[in-house]
Amino acid sequence: MGGNITEKFEHGNHTCEFVDEVAPLGKDRETIFIPPTPMQKLTTQLEDLLSDVRGEGFSMAGIILSVLAAKYGDEVYDEVEKVMYDYGLSRAEEFKNTMKIDPTDARSVGRIFDLEDSLHGIKGEWVESGKKRAVKHEYFCPLAVGAAICPELCTRIAAAVERGTLDGLGVKGTFSFGKLIPKGDPYCEVILELDD
């Protein structure tokens with residue numbers, strides 16, 4: 001088990017790493033190495049289990065959508081997109097208020113993806129964070145296996161939710177996936193580009 005936690009304070013940072021075995025003291029005194037507590041081990045196991053369950057559910061949705069699209073054509077995706085776009089619209093106002101989102105700042109709009117990523121166990125970082133353009137690389141996604149079965153889960157369904165949310169927030173600009181793990185890329189890339 002491993003895990004690195006850094007907390008930032010006004011006058012400095014606290015960094016600790018949970019390790020299965022504490023190594024002899026070395027030159028690194030910025031990181032505090034400690035064994036995880038039984039509760040931390042249990043929490044990690046539960047997080048892993050939840051991630052697996054989410055992935056399996058997404059895979060099942062991918063299989064169902066693939067079968068329906070094979071039988072009825074891409075109109076299946078068109079109809080699901082409409083529903084998911086409306087879902088995005090419906091949640092926009094709550095997101096704006098609770099996440100304090102400024103629709104003219106890509107860094108602020110990116111908070112939507114931070115929230116969703118944390119809810120779904122997706123792990124990544126912002127590699128660009130300008131006011132008009134922000135780019136996030138997502139290195140781990142428990143939903144990627146399901147999306148490999150049916151890439152439209154990302155390219156059409158998830159994208160429709162995001163478009164609805166951004167439209168509901170009054171964001172002027174574009175959102176896109178530059179890369180996707182399910183398509184063989186090393187990470188998923190979320191790109192937000194706002195108009196001037």
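Please read all numbers here as calculations on a predicted model, not as lab measurements. Residue numbers count from 1 along this sequence.
Both M60 and V80 are assigned to one and the same hydrophobic cluster, defined by single-linkage of ILVMFWY side chains at heavy-atom distances under 4.5 Å. Residues L119 and V109 share a single hydrophobic cluster, defined by chaining ILVMFWY side chains whose heavy atoms lie under 4.5 Å apart. No chain of hydrophobic side-chain contacts below 4.5 Å, direct or via other Ile, Leu, Val, Met, Phe, Trp or Tyr residues, connects I63 to I157.
Applying the ring pair (Phe, Tyr, Trp, His ring centres under 6.0 Å) rule to F95 yields no partners; only residues at least two apart in sequence or on another chain are considered. Annotation: side chain to side chain contact (heavy atoms under 4.5 Å, CB included) contacts of Y87 (sequence neighbours excluded): M84, S90, R91, V161. Judged as a salt bridge (charged side-chain N to carboxylate O under 4.0 Å, His left out), and not counting sequence neighbours, R111 has no contacts. K82 pairs by the salt bridge (charged side-chain N to carboxylate O under 4.0 Å, His left out) definition with E79, not counting sequence neighbours. By the salt bridge (charged side-chain N to carboxylate O under 4.0 Å, His left out) test, E81 is found to be paired with R156, R163, residues two or more places apart in sequence or in another chain being considered. Residues satisfying the side-chain hydrogen bond (donor to acceptor under 3.5 Å, both in side chains) criterion with K136, sequence neighbours excluded, are D114, D117.
L68 and V76 get closest at one heavy-atom pair: O-CG2, 3.6 Å. Pairing each heavy atom of W126 with each of G110, the nearest pair is CZ2-O, 3.3 Å.
Here side chain to side chain donor-acceptor pair (under 3.5 Å) pairs that include residues 101-110, with residues two or more places apart or in two chains, are D102-T104, D105-R107. Sorted pairs that involve residues 60-76 and meet side chain to side chain donor-acceptor pair (under 3.5 Å), not counting sequence neighbours, are lacking altogether. For residues 98-122, the pairs satisfying ring pair (Phe, Tyr, Trp, His ring centres under 6.0 Å) are F113-F175, with sequence neighbours left out.
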- Message: What verdict does the side-chain contact (heavy atoms from CB on, under 4.5 Å) test give for L166 and T174, after you've listed the backbone C-alpha separation in whole Å, the side-chain angles of each residue and the deciding distance to 0.1 Å?
- Response: CA-CA 9 Å; L166 298 179; T174 61; over 6 Å; no
With a 3.5 Å cut-off and sequence neighbours excluded, list the donor-acceptor pairs that the side chains of residues 186-196 form with protein atoms.
| from | atom 1 | to | atom 2 | distance (Å) |
| --- | --- | --- | --- | --- |
| E189 | OE2 | H137 | NE2 | 2.9 |
| E193 | OE2 | R133 | NH1 | 2.5 |

Exercise answer: donor-acceptor pairs, residues 138-150 side-chain atoms, under 3.5 Å, sequence neighbours excluded:
| from | atom 1 | to | atom 2 | distance (Å) |
| --- | --- | --- | --- | --- |
| Y139 | OH | E125 | OE2 | 2.7 |

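Considering only heavy atoms from C-beta on, M99 comes within 4.5 Å of L115 through its side chain.
With rounding to the nearest 0.5 angstrom, the CD1 atom of I101 is 9.5 Å from the NZ atom of K96. Between the CZ atom in F177 and the OG1 atom in T155 there is a gap of 8.5 Å [rounded to 0.5 Å].
For K183, the NZ atom is loosely surrounded, since the number of other residues' heavy atoms within 6.0 Å does not exceed 12.
Hydrophobic cluster membership for L89: Y85 (Ile, Leu, Val, Met, Phe, Trp, Tyr linked by side-chain heavy atoms under 4.5 Å, directly or transitively).
With hydrogens and angles disregarded, a donor-acceptor distance shorter than 3.5 Å links the side chain of D185 to the backbone of L180.
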